[in-house]
2 protein chains.
Amino acid sequence: MSEQIDHVFAALSDGTRRAILTMLLEDDMAVTDVAEPFEMSLAAISKHLTILTRAGLISQEKRGRVKWCKLEPQAMREAIVWIESFGQLEALNYDAFEDFLARELGQS
Amino acid sequence: MSEQIDHVFAALSDGTRRAILTMLLEDDMAVTDVAEPFEMSLAAISKHLTILTRAGLISQEKRGRVKWCKLEPQAMREAIVWIESFGQLEALNYDAFEDFLARELGQS
DNA sequence: GCGAAGGTCAACCGAATGGTTGAATAAGTG
DNA sequence: CACTTATTCAACCATTCGGTTGACCTTCGC
């Protein structure tokens, strides 16, 4: 249970965390530097980073006393697939979709 | 702020709610019928539907004593745009798509 | 009008979020 | 060693989530 895609969508549901991911698009960053633009405490940012890590959206590696945060965008793939597939399925009429199911999965 | 995109991602972070959205791809449904495949109480489903409504992903219209749930997939647009901004990813992977089908629709 | 069906509401529960502050740990720097 | 920097941990707090049960209201069928 407790699927990864749940964690990914949950992680993306907070503006602070989305902003962090966007910052990390540019380059890896230390925790302190991630926290700098935000008005909340470092501990709060640390918790956000934990949630992003749990979702697999970032990884953290400690070098010396600095913990570097690195974007792991491939963790978004499952969520992208879900959301885009949904859009594509929605565009189909349902009979065609059922045909697809029958063809691809051998169900009826 | 409490932005809409926050609500959309939060709504999508629960497997029960994603399953409900997938069910509604086929047709509008009454609350009781939405609840039927799930093992939880009707009240629990009602709460999930409230969360989906808050996100704008469904609308509910009462006709007689029956409340009809209708998919509003355009509410996903903003979330799709955001998530696609990490577009260096392969957008649609066939294996993952099959997994999606199995998980979200393959429930007999 | 009566009873059943369709849904929500209210109260409760345990767990998770999102934030705080202050102490603690770890690792460079003088 | 002493100090400072980097980061987490622990405790606390208010709010939300995901679920339950039982009461309630509305509407349909008889």
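Chain letters run A, B, ... following the sequence lines, proteins first and then strands; every chain starts at 1.
- Here the NZ atom belonging to K47(A) is positioned 8.0 Å from the OG atom belonging to S41(A), to the nearest 0.5 angstrom.
- Among the heavy atoms of the strands lying under 4.0 Å from R54(B) are primed sugar atoms or P, OP1, OP2 only; no base atom is included.
- In this structure, E36(B) places its CD atom 16 Å from C1' of dG7(C), rounding to the nearest Å.
- Taking every nucleotide of DNA chain D with any atom under 4.0 Å from a non-hydrogen atom of chain B, the first and last of them, 5' to 3', are dC17(D) to dC28(D).
- Clustering ILVMFWY residues whenever any of their side-chain heavy atoms sit less than 4.5 angstrom apart, transitively, puts V34(A) in a cluster other than the one holding W68(A).
- Between A10(B) and S13(A), the closest heavy-atom pair is N-CB, 3.4 Å.
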**Request:** With side chain to side chain contact (heavy atoms under 4.5 Å, CB included) as the test, would you mind laying out the steps for I5(B) and R18(A) before giving the verdict?
**Result:** CA-CA 11 Å; I5(B) 192 171; R18(A) 290 196 305 277; 3.1 Å; yes
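- Residues L57(B) and L12(B) form a side-chain contact, since some pair of their non-hydrogen atoms from C-beta on lies under 4.5 Å apart.
- A salt bridge links E61(B) to R63(B): one of the charged nitrogens lies within less than 4.0 Å of a carboxylate oxygen.
- Side-chain heavy atoms closer than 4.5 Å link hydrophobic residues (I, L, V, M, F, W, Y) into clusters, and following such links, possibly through other members, connects L52(A) to M23(A).
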**Message:** Does the protein touch nucleotides 18-24 of chain C at the base, only the backbone, or not at all? Give it as B, S and - per nucleotide, heavy atoms under 4.0 Å.
**Reply:** SBBB---
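- In this structure, R17(B) contributes its side chain and H48(B) its backbone to no donor-acceptor pair below 3.5 Å.
- Put simply, K62(B) has no side-chain N or O that comes within less than 4.0 Å of OP1 or OP2 on dG7(C).
- Protein atom CG of L12(A) is 14 Å distant from nucleotide atom P of dT17(C), rounded to whole Å.
- Distance, R65(A) CZ to dT25(C) C1': 13 Å, rounded to whole Å.
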